[in-house]
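Please read the structure below before turning to the comments.
Below, chain A is the first sequence line, B the second, and so on; all start at residue 1.
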Number of protein chains: 2
Amino acid sequence: MRSDKLSLVLRQLRDHGPRSRARLATELGLTRSAASALVAELADLGLVRAAGVERGGMGRPGTSVELDGAAVCGIGAEINVNHVSAIALDLAGHVVAEHRLALDAHRLAVDEVLDRLVELIRLAEADVVAHGAVPVGVTVGVAGLLDRSRELLTVGPNLGWRDVPVGSELRARLGAAYPVSIENEGNLAAIAEAVPGDPNRQDILVIFGEVGVGGGIVAGGRLLRGHQGYAGEFGHMIVEPGGRRCGCGRIGCWETVSGLRALLDAAADPDDPVRDPALSLDDRLAELNRRADLGDTRTIAALDRVGNWIGIGAAMLTNALNPSAIVLSGYFAEIGHHLRPSIEEHLVAGVLAPQAGGTRVEFSTLGFTAAVRGGAAVALETVFDDPTVVASPHAAVHLGGAR
Amino acid sequence: MRSDKLSLVLRQLRDHGPRSRARLATELGLTRSAASALVAELADLGLVRAAGVERGGMGRPGTSVELDGAAVCGIGAEINVNHVSAIALDLAGHVVAEHRLALDAHRLAVDEVLDRLVELIRLAEADVVAHGAVPVGVTVGVAGLLDRSRELLTVGPNLGWRDVPVGSELRARLGAAYPVSIENEGNLAAIAEAVPGDPNRQDILVIFGEVGVGGGIVAGGRLLRGHQGYAGEFGHMIVEPGGRRCGCGRIGCWETVSGLRALLDAAADPDDPVRDPALSLDDRLAELNRRADLGDTRTIAALDRVGNWIGIGAAMLTNALNPSAIVLSGYFAEIGHHLRPSIEEHLVAGVLAPQAGGTRVEFSTLGFTAAVRGGAAVALETVFDDPTVVASPHAAVHLGGAR
DNA sequence: CTACTTTGTGCGGCATCTCAACAAATGAGT
DNA sequence: ACTCATTTGTTGAGATGCCGCACAAAGTAG
C-alpha cells in the first residue's frame with residue numbers, strides 16, 4: 001500500500017532524475033497532496049533531498065527533489081577464476097568501496113576462496129558503515145551455472161567447481177539473517193549495463209568475452225533468467241558444426257571461434273611473446289591493438305575473423321530477441337574499435353528486420369567491474385521495491401550481521 | 001487501488017483454480033474480511049460464482065469460489081496467407097464463436113482482406129452478444145513484422161504487404177473507440193501456449209512452422225517483444241552458411257532447412273502426388289505420416305533431417321533462453337511423432353546445462369487456432385488488469401461499436 | 001501594479017484495509 | 001450424544017491513506 005507508492009516515487013526519481021513534487025504527481029497520476037506526503041516520508045527515511053528550483057515557464061517555480069544516495073548501500077561481489085572482488089554502491093550508483101584480490105580459484109580449496117570473498121565483503125561493509133550508510137544486502141556473482149533457487153552452483157567449468165551450495169556456505173559465514181543472493185556472473189553484467197529509465201537500455205543483450213563467452217539478457221528492463229536460471233549461455237551455441245573442440249566437450253561452440261583463445265591462436269604463433277602467460281590480459285590486448293593500428297595484416301585478419309563470428313552469433317540472437325543494443329563486454333570491449341566494422345556488417349546481413357531492427361552495437365565502459373556493479377544494483381533493488389526497509393528492524397539485523 | 005486487489009484475486013482464481021475466501025486471503029496476504037469483500041464485488045460484476053464446498057481437514061469447510069467466464073469475451077483474429085479467421089473466448093477460456101474464411105491474400109487487395117476480416121470480427125461479436133456476454137476488445141494477429149507501436153506492418157513477406165497501417169485501417173472500420181490491438185502471429189501463438197499459473201508454462205519458446213518458420217518467446221509469463229517488437233523471428237537465423245537461398249533473400253536461414261518446403265523437397269520428387277498444390281496441408285502431412293509409419297526410408301530420412309535441424313536451432317535458443325518447454329506448433333505438430341527423437345537428440349547434445357536445462361520438447365494441440373486464441377487471451381487481459389472495466393461506460397462503447 | 005499561472009500545504013471526506021468479535025459448520029475426543 | 005477445538009465467513013469499529021478543495025506563496029506577462 002504505502003510502500004507501493006513510495007516505491008513508485010523513488011523509482012521515478014531514479015529513472016528520470018530530479019523533479020518537483022507537482023511533476024511527480026502528474027507523471028504518476030497522483031494528487032499534489034499525495035506526492036508531497038510521499039516525498040516527505042522518503043525525506044524522513046533519508047532517501048531523497050531538496051535539489052534547487054525547477055523553473056518552467058509561468059507560475060510559481062517548483063522545488064526540485066532528487067535521490068539522496070548516501071543513506072543506503074548495496075554490495076556486489078564476484079567469484080571469478082583469477083580473482084574475487086567486492087564493491088559497494090550507494091542508492092545513486094556512486095562507488096563507496098571497492099576491493100579486489102587476485103587468486104587462482106583452481107588451486108585453492110572452495111572453502112578458502114569463499115573465506116577470502118567474505119573478507120572482502122566485510123571490508124566493503126565496514127567502509128559503508130564508516131560512510132554513515134546502511135548496507136541492505138549483498139549479491140554475489142559466480143562464473144557458472146546456478147540452478148533456479150540460485151543457491152546451488154551446479155557446474156562452474158572455469159572454476160572447476162561442481163555442485164557447490166554457494167548460498168548456504170556464504171550464509172553460514174555472513175550470518176543467517178543477512179540478505180545474501182547469488183547470481184550468474186553474465187546476468188549481473190547484463191543488469192549493470194541496463195540503465196534504469198533509459199528507453200534504449202531496457203531490452204539489451206550483453207555478451208561477455210574472456211576465455212569463455214557468456215552473457216545475459218535484459219528484456220523489458222528485467223533480467224531474463226529462464227526456467228532454471230541457465231539463460232544467457234551464449235558461448236555454447238553451436239555455430240560451426242565440425243569446428244574446433246570446446247572446453248565443454250562439444251564441437252563448434254561459439255566461444256571456440258570468438259573467445260580469447262581463438263583470437264590469440266589466429267593472431268600469434270605459440271612462441272609469440274603476446275602469448276606469454278606472464279603478461280596481463282590488458283597488456284596482451286594493448287599489444288594486439290598496437291599491431292592492428294600499425295597495419296599488421298595477420299592481427300587485422302584475426303580480429304576480423306573474430307568480429308565476423310561475433311556478428312554471426314549476434315545476428316541470430318537479434319532475430320530471436322530484437323534488443324535495442326548489443327553490449328560487448330569483457331575482452332571484446334578492449335578491442336572494440338577493431339571489431340565494430342565486421343560485427344556490424346554481419347549483423348545487418350543476418351537480421352530479417354530492416355536496419356537490423358535498429359539494434360546498435362556498443363562496447364561496455366565498465367571494464368571488469370560490470371558483474372559486481374550489477375550485484376550491488378540487485379541488492380539495492382530491495383530498497384526500490386520497498387523503501388521502508390531502511391527504517392525497519394530488518395536493517396538493524398544487517399548491521400548486526402556485519403559485526 | 002481497489003481494481004488492483006480485484007485483479008489479484010481474479011488472477012489467483014484463474015491461475016490456481018477454485019478456492020475458498022479464506023484460502024485466497026492467506027495466499028494473497030489479505031485478511032479474510034478483505035477477501036470476502038473483494039469476492040463479493042467480483043460476484044457483482046458477474047466474474048466469479050460459488051462452486052461447491054472445499055473440505056480440508058478440521059474446522060468449518062469453506063465455500064469455494066470460481067471464475068465465471070460467461071460475462072465477458074475477448075476476440076482474437078488473424079490475417080494469414082490462405083485465410084482470415086476470428087474466435088471469441090470467454091473469461092474461462094471457452095470458445096464462444098469461431099469463424100474462418102479461406103482466401104488468397106496475395107491476389108486480393110489489402111482493403112478487401114481487411115474488409116473480410118472485419119466481417120468475421122462482427123460475426124464473432126454478434127455471437128458474443130447473443131451469448132449474453134460483453135466483448136472487451138479484439139486483438140489481430142498478422143504474419144509479418146510489426147513495429148513497436150504495433151500499428152504499422154513494416155513488412156509481411158508471405159502476405160506480400162509493405163508498410164500497411166493495419167491498426168488505423170482496422171480502427172477506421174471498427175470505430176475509433178473500439179479497443180483494437182495488433183500483434184505478430186508468432187507472438188500470439190506463444191501467448192496461447194503459455195497457460196497462466198502453470199509453472200512449466202511460464203518460460204516457453206514456441207516455434208511455429210509452415211512455409212516460413214516463426215515463433216515467440218514467453219519469459220516469466222510475459223511475452224518478450226523486444227525493442228521494436230520484432231522478437232521471435234527464429235526462421236531467419238542463419239544456421240547453414242553457404243546453404244540454400246531463403247525467400248527473404250539471405251542464404252542458409254533456418255527455415256530453408258526446417259520449413260515445409262525443405263521437408264517436401266527432401267521427401268518427394270517434384271512430380272510426387274504429395275506435392276500437388278490441390279491437396280490440403282493436412283492431407284499432405286497425413287500422407288507423409290503414413291509413409292513414415294510404413295517404413296519408407298526416404299520419408300523417414302527427410303523427417304530425420306528436418307528434426308535434426310530443428311534440434312540444432314532449438315539447442316541454440318535453449319542455451320540463450322533456458323525455457324521450460326519448447327512448443328512446436330503449426331505443421332511441426334502434425335508430424336511430431338516422427339520428429340521428436342531427432343530433435344531431442346540434438347537438443348541434449350547442443351545445450352550446455354545438464355539434461356538440456358530440463359527443457360522438454362512438446363507439440364501444440366491447438367492446431368491452426370493458436371494465434372487467434374492468443375489474440376483473445378490478450379484482449380481478455382484487460383479484464384484481469386482491471387476487472388471494473390466490465391461495468392464501466394467503456395464497455396458500453398464496445399457494444400456501440402459492434403452495432 | 002495587476003492579472004494570471006503554477007506550486008506546495010492543510011483539512012474534511014471517502015474508500016479500503018485491518019483488527020477483533022461472533023455465529024456457523026465441521027472433526028476429534030470422551 | 002455431547003463437548004471442545006478448529007476453521008470459515010460475516011459484521012462492525014477503527015486506522016490509514018488518498019482525493020478534492022481551498023488557500024497562501026512565488027513566479028511571469030502585460
Side-chain angles (χ1 to χ4, degrees), chain A residues 1-13 16-45 47-66 385-389 391-392, chain B residues 1-13 16-45 47-66 385-389 391-392:
Chain A
M1 48 186 67
R2 178 175 66 253
S3 73
D4 196 20
K5 305 272 180 163
L6 289 175
S7 168
L8 209 64
V9 171
L10 201 61
R11 282 213 165 86
Q12 187 75 0
L13 289 174
H16 303 293
R19 59 227 310 106
S20 70
R21 293 161 174 81
R23 226 174 127 188
L24 283 169
T26 56
E27 287 169 352
L28 300 176
L30 302 169
T31 55
R32 290 201 306 278
S33 13
S36 269
L38 291 167
V39 166
E41 188 162 349
L42 288 173
D44 282 346
L45 292 168
L47 299 176
V48 304
R49 64 181 167 214
V53 288
E54 180 185 81
R55 305 194 174 276
M58 267 182 294
R60 169 178 167 179
T63 60
S64 211
V65 177
E66 71 179 0
D385 282 345
D386 179 6
T388 59
V389 291
S392 80
Chain B
M1 47 186 71
R2 177 175 69 252
S3 72
D4 195 21
K5 305 270 179 161
L6 289 175
S7 168
L8 208 64
V9 171
L10 200 61
R11 282 216 166 84
Q12 187 75 0
L13 290 174
H16 305 291
R19 60 226 311 107
S20 70
R21 293 161 175 80
R23 225 174 127 190
L24 283 169
T26 57
E27 287 169 351
L28 300 176
L30 302 169
T31 55
R32 291 201 305 278
S33 14
S36 269
L38 291 167
V39 166
E41 187 161 348
L42 288 173
D44 282 346
L45 291 168
L47 300 176
V48 303
R49 64 181 167 216
V53 289
E54 179 186 84
R55 304 195 174 276
M58 267 184 295
R60 169 179 167 178
T63 61
S64 210
V65 177
E66 71 179 359
D385 282 343
D386 179 6
T388 59
V389 291
S392 79

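- For B/Leu24 and D/dT8, the CG to P distance is 11 Å, given to the nearest whole Å.
- Rounding to whole angstrom units, NZ of residue A/Lys5 and C1' of D/dT16 are separated by 13 Å.
- At a threshold of 4.0 angstrom between heavy atoms, the contacts of B/Ser33 include nucleobase atoms, whether or not backbone atoms are also involved.
- A donor and an acceptor atom, one from each side chain of B/Ser64 and B/Arg23, are nowhere located under 3.5 Å apart.
- The nearest whole Å value for the distance from the CE atom in A/Met58 to the P atom in D/dT28 is 11 Å.
- Here the side chain of B/Thr31 is nearest to one of C/dT18, D/dG9, D/dC19, namely C/dT18.
- A donor and an acceptor atom, one from each side chain of B/Ser36 and B/Arg32, are nowhere located under 3.5 Å apart.
- With DNA chain C read from its 5' end, the first of the two nearest nucleotides for A/Arg21 and A/Gly59 is the one closest to A/Gly59.
- If you measure from atom CZ of A/Arg23 to atom P of C/dT7, you get 10 Å, rounded to the nearest angstrom.
- Along DNA chain D, the nucleotide closest to A/Glu41 and the one closest to A/Pro61 are compared, and the more 5′ of them pairs with A/Glu41.
- Of the listed nucleotides (C/dG27, C/dT9, D/dT28), C/dT9 has the atom at the smallest distance from the side chain of A/Ser36.
- In this structure, B/Arg60 atom CZ and C/dC22 atom P are separated by 16 Å, rounded to whole Å.
- Computed from coordinates, the A/Arg32 CZ to C/dT5 P distance equals 14 Å when rounded to whole Å.
- Across the protein-nucleic acid pair, B/Leu30 atom CG and C/dT18 atom C1' stand 11 Å apart, rounded to whole Å.
- Look at CG on A/Leu38: it is 14 Å from C1' on C/dG8, rounded to the nearest Å.
- Taking for each of A/Ala34 and B/Ala37 the nucleotide of DNA chain D with the nearest heavy atom, the 5'-most of the two is the partner of B/Ala37.
- With values rounded to the nearest 0.5 angstrom, B/Leu8 atom CG is found 9.0 Å from B/Leu38 atom CG.
- Inter-residue side-chain proximity for A/Leu13 and A/Arg19 is flagged as met; some heavy-atom pair is nearer than 4.5 Å.
- Residues A/Glu27 and A/Val9 fail the side-chain proximity criterion, which asks for heavy atoms closer than 4.5 Å.
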